[in-house]
Amino acid sequence: MATATNHHWTKEDMPNLTGKVVIVTGANSGLGYQVARAMAYKGATVVLACRDAAKGEQALQSLRKEHPNAKLELMTLDLADLTSIRSFAESFSQKYSTLDILCNNAGVMAIPYRQTAQGFEMQFGTNHLGHFALTGLLLPTILKTPGQPRIVTTSSILHRNGQINFADLASKNSYNRGAAYSQSKLANLLFAYELQRQLTANGSNSLSLAAHPGYAATNLQTTGSLMDGAAFKVRVSQFANSVFAQSAAMGALPTLYAATASGVKGGEYFGPAGFMELRGYPKAVKSNQSSYDLELAKKLWAVSEELTGVSFNLIPSPVK
């Protein structure tokens with residue numbers, strides 16, 4: 001049964017997070033910035049995990065200006081490079097002994113064909129494989145954290161169009177930027193739900209949850225057109241954002257709810273409560289049928305372990 005949510009829940013309803021350690025990927029702009037901002041506002045120690053150090057520093061200074069006493073740290077993380085992910089996880093684990101909230105937020109959307117450092121298609125490689133590897137490498141710290149640590153993975157309403165093309169995950173035979181994005185966002189949900197099943201099987205108190213922002217105005221919508229040099233498409237996206245989209249601060253609320261609200265249950269998915277989940281205050285929502293497919297999730301998990309070289313080792317061995 002889905003958690004009942006208050007349709008007017010805001011960041012003001014978040015509990016005090018003093019003493020909690022939080023990682024937000026892609027915290028330099030958009031949803032990630034707003035999530036980090038709210039976490040800092042509530043007293044958490046927030047690690048801004050950003051690919052671009054200069055943009056990360058700008059975000060850090062902006063947050064410090066707004067919250068002078070905020071506990072913030074900038075750490076470099078490129079989710080399109082497994083070497084960077086391993087380096088980040090190692091550096092974090094050396095400095096911090098606990099991790100209360102991991103927000104797997106960063107992502108790329110509808111970009112021209114690009115590959116990650118290890119040759120994965122960029123959207124699948126960054127949005128899914130990068131966060132899969134990051135979570136696995138940080139899991140030992142999460143599992144020893146007292147209380148009920150949470151892992152929140154950001155998906156999208158566009159996951160509904162997604163299909164996992166195991167025959168061509170790298171999109172080398174054909175590439176459709178929209179289909180590749182939807183595939184990565186379906187993968188996010190398959191991962192989040194399977195992770196919760198494995199945490200439960202392992203007897204862990206940790207929670208794996210998912211969230212989506214609806215239609216929120218961020219840089220995601222214009223990045224692909226900018227990379228194409230398509231100025232008209234950029235202007236169209238900017239116009240649509242200004243007229244139809246909700247703010248990034250509103251779009252961040254489902255993630256913040258999943259990460260901090262009381263009464264949530266592992267494996268739940270949160271999005272906006274408004275028409276077609278495009279905007280509004282957070283509520284528990286349902287994803288598409290494919291996202292709950294157990295066999296699909298297990299297959300994706302096995303392939304993800306193989307591709308990233310990261311093994312979670314969560315399911316306990318049968319008693320002999």
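Worth knowing before you read on, the calculation uses all heavy atoms, side chains too, and leaves out hydrogens, waters and symmetry mates. Note that this is a predicted model, so its numbers are computed, not measured. Quick note: residue numbers are just sequence positions, from 1.
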Next item on the list: Decide if the gap between the ring center of W9 and the ring center of Y281 is smaller than 6.0 angstrom.
Entry: no

Note to self: Within this structure, what is the OG-CZ distance for the pair S247 and R279, rounded to the nearest 0.5 Å?
What the structure shows: 8.5 Å

Notebook entry, point to check: If you measure only the distance, is there a donor-acceptor pair under 3.5 Å linking the side chains of S62 and Y33?
Noted result: yes

Checklist line | Expected output: side-chain D100 to main-chain V21 donor-acceptor under 3.5 Å | finding: yes

Margin query: Grouping I, L, V, M, F, W and Y whenever their side-chain heavy atoms are under 4.5 Å apart, do I164 and L294 come out in a common cluster?
Written below: no

Next item on the list: Answer with yes or no whether the side chains of Y193 and S291 bring together a donor and an acceptor at under 3.5 Å.
Entry: no

Next item on the list: State, to 0.1 Å, how close R64 and L72 come at their nearest heavy-atom pair, and which atoms those are.
Entry: NH2-O, 3.3 Å

Margin query: Does R197 have more than 12 heavy atoms from other residues, nucleotides or ligands lying within 6.0 Å of its CZ?
Written below: yes

Notebook entry, point to check: Got L256 and M39 here, is their nearest side-chain heavy-atom distance under 4.5 Å?
Noted result: yes

Note to self: Distance check, rounded to the nearest 0.5 Å: L63 atom CG versus L48 atom CG?
What the structure shows: 6.0 Å

Notebook entry, point to check: Given the rule in the side-chain contact (heavy atoms from CB on, under 4.5 Å) test, do T116 and D81 qualify, once you have shown the distances and angles that lead to the verdict?
Noted result: CA-CA 6 Å; T116 68; D81 185 352; over 6 Å; no

Next item on the list: Please report the closest heavy-atom contact between G32 and V24, naming both atoms and the distance.
Entry: O-CG1, 3.5 Å

Item checked: Side chain to side chain, C50 and L77, heavy atoms closer than 4.5 Å -> no

Margin query: Between E277 and R160, is the salt bridge (Lys or Arg N to Asp or Glu O under 4.0 Å) condition met? List the steps.
Written below: CA-CA 12 Å; E277 299 173 23; R160 296 169 186 162; 3.3 Å; yes

Item checked: Within 6.0 angstrom of E306 CD, more than 12 heavy atoms from elsewhere -> no

Notebook entry, point to check: Between the main-chain N or O of G280 and the side-chain N or O of Q246, is there a donor-acceptor pair closer than 3.5 Å?
Noted result: yes

Item checked: Min side-chain heavy-atom separation P272-P254 under 4.5 Å -> yes

Check: If you draw a 6.0 Å radius around CZ in F275, do more than 12 non-hydrogen atoms from other residues or ligands fall strictly inside?
Finding: no

Margin query: Check this for me: K298, atom NZ, are more than 12 non-hydrogen atoms of other residues, nucleotides or ligands nearer than 6.0 Å?
Written below: yes

Next item on the list: Kindly give the heavy-atom pair with the smallest separation between S84 and T76, and that separation in Å.
Entry: OG-O, 4.5 Å

Item checked: N16 and T18: side chain donor to acceptor below 3.5 Å -> yes

Next item on the list: Look only at the side chain of S184 and the backbone of Y181, and say whether a donor-acceptor pair between them is shorter than 3.5 Å.
Entry: yes

Next item on the list: Give, for atom CG of L209 and atom CG of L195, the distance between the pair rounded to the nearest 0.5 Å.
Entry: 9.5 Å

Checklist line | Note, R114 side chain near V108 side chain (heavy atom, < 4.5 Å) | finding: no

Next item on the list: Taking the six-membered ring of Y269 (Phe, Tyr or Trp), confirm whether the NZ or CZ of K286 is under 6.0 Å from its centre and within 45° of its axis.
Entry: no

Next item on the list: Look only at the side chain of T145 and the backbone of L99, and say whether a donor-acceptor pair between them is shorter than 3.5 Å.
Entry: yes

Next item on the list: Write out all pairs satisfying ring-ring contact (aromatic ring centres under 6.0 Å, His included) with one or both partners inside residues 35-55, taking only residues at least two apart or from two chains.
Entry: Y41-H67

Check: Is E66 close to R37 at the side-chain level, that is, under 4.5 Å between some pair of heavy atoms?
Finding: yes

Note to self: When you compare the side chain of K185 with that of L158, does any pair of heavy atoms fall below 4.5 Å?
What the structure shows: no

Check: Under 3.5 Å, is there a donor-acceptor pair between the side chain of N202 and the main chain of S204?
Finding: no

Next item on the list: Quick one: closest heavy-atom pair of A252 and V35, and the distance?
Entry: CB-CG2, 3.8 Å

Next item on the list: Answer yes or no: is there a side-chain heavy-atom contact under 4.5 Å between L186 and S290?
Entry: yes

Margin query: Does H128 form a side-chain contact (heavy atoms from CB on, under 4.5 Å) with L190? I'd like the steps, not just the answer.
Written below: CA-CA 10 Å; H128 168 62; L190 288 162; over 6 Å; no

Notebook entry, point to check: Do the charged groups of K95 and E73 touch, with an N to O distance under 4.0 Å?
Noted result: yes

Check: Would you call P15 and K42 a side-chain contact if the rule is heavy atoms closer than 4.5 Å?
Finding: no

Check: Between the main-chain N or O of N165 and the side-chain N or O of Q163, is there a donor-acceptor pair closer than 3.5 Å?
Finding: no

Next item on the list: Nearest 0.5 Å please: distance from the CG atom of L296 over to the CD atom of Q289.
Entry: 11.5 Å

Check: Is a donor on one side and an acceptor on the other found under 3.5 Å between the side chain of Q115 and the backbone of A170?
Finding: no

Notebook entry, point to check: Please walk me through it: do T83 and F88 pass side-chain contact (heavy atoms from CB on, under 4.5 Å)?
Noted result: CA-CA 9 Å; T83 302; F88 173 90; over 6 Å; no

Margin query: Can you confirm whether the side chains of Q123 and Y113 place a donor and an acceptor under 3.5 Å from each other?
Written below: no

Next item on the list: Taking all non-hydrogen atoms of both residues into account, name the closest pair between T98 and F92 and its distance.
Entry: O-CZ, 3.7 Å

Donor-acceptor pairs are to be reported for all side-chain atoms of residues 130-140 against protein atoms at under 3.5 Å, with residues two or more places apart or in another chain.
residue: H131; atom: ND1; partner: N127; partner atom: O; Å: 3.1
residue: H131; atom: NE2; partner: T25; partner atom: OG1; Å: 2.9
residue: T135; atom: OG1; partner: N104; partner atom: ND2; Å: 3.0
residue: T135; atom: OG1; partner: H131; partner atom: O; Å: 2.8

Note to self: Tell me whether Q196 contacts the main-chain N or O of S208 through its side chain, where contact means a donor paired with an acceptor under 3.5 Å.
What the structure shows: yes

Margin query: Checking the side chain of Q118 only, and the main-chain atoms of L82 only, is there a donor and an acceptor separated by less than 3.5 Å?
Written below: yes

Next item on the list: Tell me, with the steps shown, if R150 and L102 meet side-chain contact (heavy atoms from CB on, under 4.5 Å).
Entry: CA-CA 6 Å; R150 302 186 190 186; L102 170 60; over 6 Å; no

Notebook entry, point to check: Would you say the side-chain atoms of H212 pair up with the backbone N or O of F270, donor to acceptor, closer than 3.5 Å?
Noted result: no

Checklist line | Nearest atoms (heavy-atom pairs only) where N105 meets G26 | finding: ND2-O, 3.6 Å

Check: Under 6.0 Å from the NZ atom of K55, do we count more than 12 heavy atoms belonging to anything else shown?
Finding: no

Notebook entry, point to check: Is any NZ, NE, NH1 or NH2 atom of the basic residue among K265 and E268 found under 4.0 Å from an Asp or Glu carboxylate oxygen of the other?
Noted result: no

